[in-house]
Amino acid sequence: MKEKLNDLLKNTIDYCFQQEQLKETPLPDYVIEVPNNRDHGHLATNLPMLLASSQKRAPRDIAKVIVENFKDPEGFLEKIEIAGPGFINFTISSIEWLKILKDIIELNEKYGSTASKRGESVLVEFVSANPTGPLHLGHGRGAALGDTICRILDFRGYDVVREFYINDAGVQIRLLGESIYARWLQMKNPDHLFPENGYHGDYILDLAKEIAVEKDLSSMDEETAISTCSEIGKEKMLLEIKKDLEQFRVDFDIWFNESELFEKGLVAKSLEEMKEKDELYEKDGALWIKTASYGDDKDRVIKKQDGQFTYFASDISYHLDKHKRGFSRALNLWGADHHGYINRVKSALKANDIDGNWLSVLLIQLVKLFKEGQEIRMSKRAGQYVTMKDLLEEVDVDAARFVFLTKTHDSALDFDIDMVKKHDNDNPVYYVQYAHARICSIFRKAEDEGIDIALNIDENDLTGLKLDEEVDLIRYLEGFTELLDSICKSFEAHRLTYYLTDLAARFHRYFNLGIKDGGNRIITEDLHLTKARLALVAGVKTVIRNGLNLLGVSAPEKM
RNA sequence: GCGCUCAUAGCUCAGUUGGAUAGAGUGACGGACUACGAAUCCGUAGGUCGCAGGUUCGAAUCCUGCUGAGCGCGCCA
């Protein structure tokens, strides 16, 4: 609708220029938007106010010229008005809205998607938890957000690849092995020392017991035993992580091993390339990269005095590899405590002639867990945290995913487990699902009454939809596509949950209108009107279902 | 000390590249089921958009300063 109106508006402005009604100037960056207030029409533009300075005329005068010369040969508009300081408010003729509804019903599960691919590929890396412990709530938030962003990008025609980066090369894996081995030794000798920075969670002892069944640790020397524990412990943790994610309906295309970067010589290779570009130097027996020349606070070490690579070395190599794989964009979801790292990585990319904008990073703020009104503090060091596994035992996947997406990613989230557990109206996901189930119920009722619910319609079958509330609903349904496109740019997936909640509210309100005044019921004695209203609620149902699907939440027909 | 993020109703939070009268849920109070699901709806009350300046036709939104909260500043990963 906005595009159509914009075309008419541009034609009109050109005409005004030709007729010298307006001085010919470049067009300012105006907007066409949906006004909050129904009295302000369906769409409004601020163009006259922005033209005021270059035209040297009052905004309302300019608006008057535009309105008087408006070219609308096909009767797209019903009304044009000048309002406020110089807005132009447009009311679109109702038949246009009925065509939109017809499209929604025809497109059905495809409504909101684009059939054509954009030829733009995006690599989304998220969760990427170390395989040294189970997933916790913070990972859940990242998983819900990342997966939903991917679903939306995919729906809107992007080629999306979901990737999980496995840190399986560093000292943390060694430490995992040491922790497991120590726990195993402690089973016989409780006084055995536990490694200083070891992993303290109960799962370490479980792993030790499992591994002891599979391997005869007592016959091994300490070194062999630890590396055995490292290797098997890592594999088992990874399996757990995959299981949790699968249950959470998150599916990765690629599981990328950090260790492969070393095994395939990619780290060495990227170092070579950077050396040739003169981006590296040696100082104090270590190897440094000149990130400070590209916006970082200071240069960084990538190979330590002892000959070991830093984590940063493989990370640079990893991101260069992502770029070489040919993606037009990359998106990383990181915990907010990594924010100091963004500049560093981007600087390293720039040192390799890659534009910093190629990579976007979303920082996900902390999740605080509340139980019975009390905050449950999580501490990885003490092994105290609520795991995804614990969460999924208590809570519906639907509810968890929805609640994770009720706040912007850059603001801390209070996760009230008692609220999420409740199967009542305290829980926003059921409010949306209820609207869907209610519509399904209306269709069951209509079918019982022998009404043909096939909905093979054209816009002339919909002319019964005359109430403001009915047109408003269609207008809101039309906003779905634009919302999704906006999320593709900003990655603010939480806006979809708000949209769906709002859509459900609008539907419930419309539905209740009919209860007070029997004349506004959906199923009436007027068959023509009944079919039109069934079409309207079918449109609502379609958008709720498609939207919930993008959130990874089910749309039940009965609850 | 430097840097990143945040600050909106009693509470939890939305607010789309700056737009018209700042919204929702929840809590409080009062209403609506003898025909489509009351897991719903309607109404009332509740605001110095942290504070102070600035930019302009117009600021919760952009800029500067201040206050407060969280996080990060390693040859750790």
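Letters A, B, ... mirror the listed sequences (proteins, then strands); counts begin at 1.
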Under a 3.5 Å cut-off for both contacts, is [N] paired Watson-Crick or G-U wobble with anything, and if yes, with which nucleotide?
N: B:A14; answer: none
N: B:A38; answer: none
N: B:G1; answer: B:C73
N: B:C57; answer: B:G19
N: B:A52; answer: B:U64
N: B:G43; answer: B:C29

Just call it for [X]: base, sugar-phosphate, or nothing, with non-hydrogen atoms closer than 4.0 Å on any strand.
X: A:S441; value: base
X: A:D410; value: sugar-phosphate
X: A:N89; value: base
X: A:A52; value: nothing
X: A:I522; value: base
X: A:K298; value: sugar-phosphate
X: A:A83; value: base
X: A:F511; value: base
X: A:E33; value: sugar-phosphate

Spell out yes or no: do the side chain of [X] and the base of [N] have one donor N/O and one acceptor N/O closer than 3.5 Å?
X: A:D337; N: B:G72; value: no
X: A:H339; N: B:C71; value: yes
X: A:D416; N: B:U12; value: no
X: A:D39; N: B:A20; value: no
X: A:H338; N: B:G72; value: no

* Verify the stacking flag for A:Y498 against B:A24: centroid separation must be under 5.5 angstrom and the ring planes must differ by under 30 degrees. => no

* Asked: Starting at CD of A:E492 and ending at P of B:A14, how long is that distance when rounded to a whole Å?
  -> 10 Å

* A:F415 six-ring face occupied by A:K407 cation (under 6.0 Å, within 45°) -> no

* **Cation-pi geometry met for A:R506 and A:Y476 (6.0 Å, 45°)** => yes

* **A:S179 side chain vs A:G198 backbone, donor-acceptor pair below 3.5 Å** => no

* Is the side chain of A:S347 donor-acceptor paired with the backbone N or O of A:Y294 at a distance under 3.5 Å, no angle test? -> yes

* To do: Work out which heavy atom in A:H409 is nearest to a heavy atom in A:R141; give both atom names and the distance.
  => CA-NH2, 3.7 Å

* Asked: RNA chain B: A:H40 or A:V171, which has the more 5' nearest nucleotide?
  -> A:H40

* For A:T408 and A:D284, take the nucleotide of RNA chain B holding the closest heavy atom to each; which residue's nucleotide lies nearer the 5' end? -> A:T408

* Whole-angstrom distance between B:A20 and B:A60, as gauged at atom C1' -> 15 Å

* Determine the Euclidean distance between corresponding C1' atoms of B:A35 and B:A24; express it in Å to zero decimal places. => 31 Å

* Can you check whether A:H339 reaches A:W334 side chain to side chain, under 4.5 Å on heavy atoms? -> no

